[in-house]
Amino acid sequence: MNDKASAAKETFTLKDNRTGKTFELPVIKGTTGPDVIDVRKLYADTGCFTYDPGFTSTGSCESKITFIDGDKGVLRYRGYAIEELAEHSDFMETCYLLLHGELPTEKQKKDFDWTIAHHSMLHEQLVFFFRGFRRDAHPMAVMCGVVGALSAFYHDSTDISDVKHRMTSAHRLIAKMPTIAAMAYKYSIGQPYIYPDNNMGYAENFLHMTFGTPCEEYKVNPVLAKAMDRILILHADHEQNASTSTVRLAGSSGANPFACVSAGIACLWGPAHGGANEAVLNMLKTIGSVDRIPEYIKRAKDKNDTFRLMGFGHRVYKNFDPRAKIMRRTCHEVLDELGVKREPLLELAMELERIALEDDYFVQKKLYPNVDFYSGIIFRAMGIPVDMFTALFAIARTVGWIAQWKEMIEDPTQKIGRPRQLYNGAVERKYAPVHKRK
Ligand code: SDX
């Protein structure tokens, strides 16, 4: 991507009141969203670093992939609103859009579907890799390990300077994640692995590999497959979130894409990020009943209590998470399809949402249900075990990670990410031999 700083017409004037010197910092405008102040020369000019732990006001890169407006609850993939994609697209088409920047033609879509399907099997030797895990290993631990190990099997697609290798790695990662996740589940329950079926859709295939057995035909409920496909679309990408930033930082050193995605899986696992969908369900089970909600709302507001309402709040969305609205609708669709008349956890979640959204603390701090609030209830209704919830998030987010990784690698201005710090540790000290220490 071209460096726009030199072309910038507008600037910020920075005055150092310690010296009286002023500095002109270029303002760079995007096609939409906040402008950025280019501080790349700040240290060289002023001898100062910026300071922004948590990167609340920092743009780490330039990107054309996903746009979020946190105040308006806007999420667009390559300019297309998430509501439209969730309604009219499917996950494979969304993957193509995120990777290539345009919606595919009919032929491109057919070819892409075929390519992904024909990469969905794992190298058979990886089966032995699974055997190294305890049966009760968390699926995210297995996903981290197996995805990282793919670089030991697919040497023919790790030359990141070769566009064909980059694309093949992207296809392999998107295609194999559901297979790896389903195998992690089958391994944990001691059932045989079910191979992918190239005649099935992506989401349908995952459900088939997860719940099918060699003993009888397993028919995937098309309504559940469609709901799962929509959930994958909602989770596919989300700008420079923690796990995507992890993938970009790992990739900036030239590490191979399998290792980078494995790092992204590790970061996503945290309960403050993708691990929240599992944490929400565990929280709802802990709260247990509607009458105990006030006690937990009180705890969530108590600064001295580490308890937080999982599935609430977001660094960017400060009015509502557009994905949460679609997830809530999908939740009712799935429960209706499954004939679940009463789902106490859903009733508890909806009452919790109602109470929280009327509470001043949550209103003032702009804490609303995020994408993770309802997903766990849907997955549970589908029969997916709680510890597989974040693995599903990782399946969906792999396309976002690899699209952002590819964009970074193909950016001619790209360089290794290496932040600095505010140091406030011991200044210079002389070494004392142990017999002279007090
Ligand atoms: C995802 O970044 C992304 O895009 C992520 C994601 C994606 O698609 O990649 O959208 C996916 O990770 C969604 C978020 C899932 N996490 C959770 O549901 C965990 C619970 N939420 C919180 O941990 C928190 O809201 C975060 C991590 C999501 C956001 O944290 P921020 O932006 O750093 O906000 P913060 O922690 O500074 O909170 C601001 C205030 C604080 O109070 P003060 O210190 O200002 O007094 O709000 C409070 C927090 O204490 N607060 C909460 C709360 N979340 C924030 N209080 C109670 N319950 C909560 N859930």
Side-chain angles (χ1 to χ4, degrees), residues 52-60 63 65-71 73-77 82 86 98 140 231-248 264-284 286-287 293 295-327 349 352-353 355-357 359-377 389-390 392-401 403-404:
D52 185 14
F55 311 121
T56 51
S57 305
T58 293
S60 63
S63 180
I65 298 177
T66 292
F67 175 73
I68 305 171
D69 181 321
D71 294 327
V74 168
L75 168 56
R76 298 186 196 121
Y77 295 159
I82 193 66
L98 287 167
M140 287 299 277
I231 291 168
L232 295 174
I233 291 174
L234 296 176
H235 287 77
D237 192 48
H238 213 240
E239 199 213 61
Q240 305 311 320
N241 59 86
S243 54
T244 297
S245 301
T246 301
V247 172
R248 276 183 173 258
I265 294 171
C267 177
L268 186 75
W269 192 1
H273 191 13
N277 54 18
E278 177 177 349
V280 166
L281 214 78
N282 294 331
M283 173 189 74
L284 291 173
T286 305
I287 294 173
I293 289 177
E295 170 199 339
Y296 283 88
I297 293 267
K298 188 161 170 279
R299 285 189 57 191
K301 292 153 62 171
D302 178 357
K303 284 281 152 259
N304 302 316
D305 191 326
T306 55
F307 175 79
R308 282 197 164 179
L309 274 190
M310 301 316 281
F312 270 77
H314 198 277
R315 171 64 57 78
V316 178
Y317 291 123
K318 298 305 174 193
N319 280 314
F320 62 91
D321 181 336
R323 302 167 297 178
K325 289 187 167 210
I326 302 169
M327 289 296 280
L352 177 59
E353 179 184 17
I355 296 173
L357 296 186
D359 184 292
D360 279 350
Y361 175 91
F362 291 91
V363 174
Q364 269 149 35
K365 290 191 185 293
K366 299 178 181 288
L367 302 174
Y368 296 83
N370 57 48
V371 68
D372 293 304
F373 188 62
Y374 284 101
S375 47
I377 298 167
F389 291 1
T390 310
L392 276 169
F393 196 149
I395 291 171
R397 187 54 57 89
T398 294
V399 63
W401 289 331
Q404 300 265 356

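Note that the numbering runs from 1 along the sequence shown for the chain. Heavy-atom basis, side chains included; hydrogens, waters and symmetry copies ignored. Atoms within a ligand are numbered from 1 in the order they appear, just like the ligands themselves. Everything quoted here is computed from the prediction, not taken from an experiment.
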Among all protein heavy atoms, pick the one closest to [atom] and tell me residue, atom and distance.
atom                    : result
atom 32 (O) of ligand 1 : Arg315 NE, 2.7 Å
atom 28 (C) of ligand 1 : Gly313 O, 3.6 Å
atom 56 (N) of ligand 1 : Tyr361 OH, 3.3 Å
atom 12 (O) of ligand 1 : His273 ND1, 2.9 Å
atom 20 (C) of ligand 1 : Phe312 O, 3.4 Å
atom 58 (N) of ligand 1 : Leu309 N, 3.1 Å
atom 35 (P) of ligand 1 : Arg308 NH2, 4.3 Å
atom 2 (O) of ligand 1  : Asn241 CB, 3.5 Å

I want to confirm something. Looking only at heavy atoms, which of [options] is nearest to [atom]?
atom                    : options                        : result
atom 4 (O) of ligand 1  : Gln240, Arg323, His238         : His238
atom 46 (O) of ligand 1 : Glu239, Arg299, Lys303         : Lys303
atom 1 (C) of ligand 1  : Asn370, Val316, Asp321, Asp372 : Asp372
atom 3 (C) of ligand 1  : Lys365, His314, Met283, Gln364 : His314

Geometric class of the His238/His314 ring pair [parallel <30°, tilted 30-60°, perpendicular >60°]
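Perpendicular: the ring planes of His314 and His238 meet at over 60°.
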State whether the shortest distance between N or O atoms of [X] and N or O atoms of ligand 1 falls below 3.5 angstrom.
X      : result
Lys318 : no
Ala272 : yes
Val371 : no

Between Leu352 and Leu284, is there a side-chain heavy-atom distance shorter than 4.5 Å?
yes
Please report whether atom 30 (O) of ligand 1 has a protein non-hydrogen atom at a separation of less than 4.0 Å.
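Protein heavy atom within 4.0 Å of atom 30 (O) of ligand 1: absent.
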Within-cutoff protein neighbour (heavy atom, under 4.0 Å) for atom 49 (C) of ligand 1
yes
CZ (Phe307) with more than 12 external heavy atoms under 6.0 Å:
yes
Taking only heavy atoms of [X], which atoms of ligand 1 are found under 4.0 Å from at least one of them?
X      : value
Met310 : 18 (O), 19 (C)
Gly311 : 17 (C), 18 (O)
Ala276 : 15 (C), 16 (N), 17 (C), 18 (O)
Pro271 : 16 (N), 19 (C)
Ala300 : 56 (N), 57 (C)

Which is it for [X] and ligand 1 at heavy atoms under 4.0 Å: side chain, backbone, both or neither?
X      : answer
Leu367 : side chain
His235 : neither
Arg397 : side chain

With sequence neighbours excluded, tell me which residues meet side chain to side chain donor-acceptor pair (under 3.5 Å) with Gln404.
Asp237, Gln240, Arg248
Applying salt bridge (Lys or Arg N to Asp or Glu O under 4.0 Å) as the test, list every pair that has at least one member in residues 315-325; sequence neighbours left out.
Asp321-Arg323
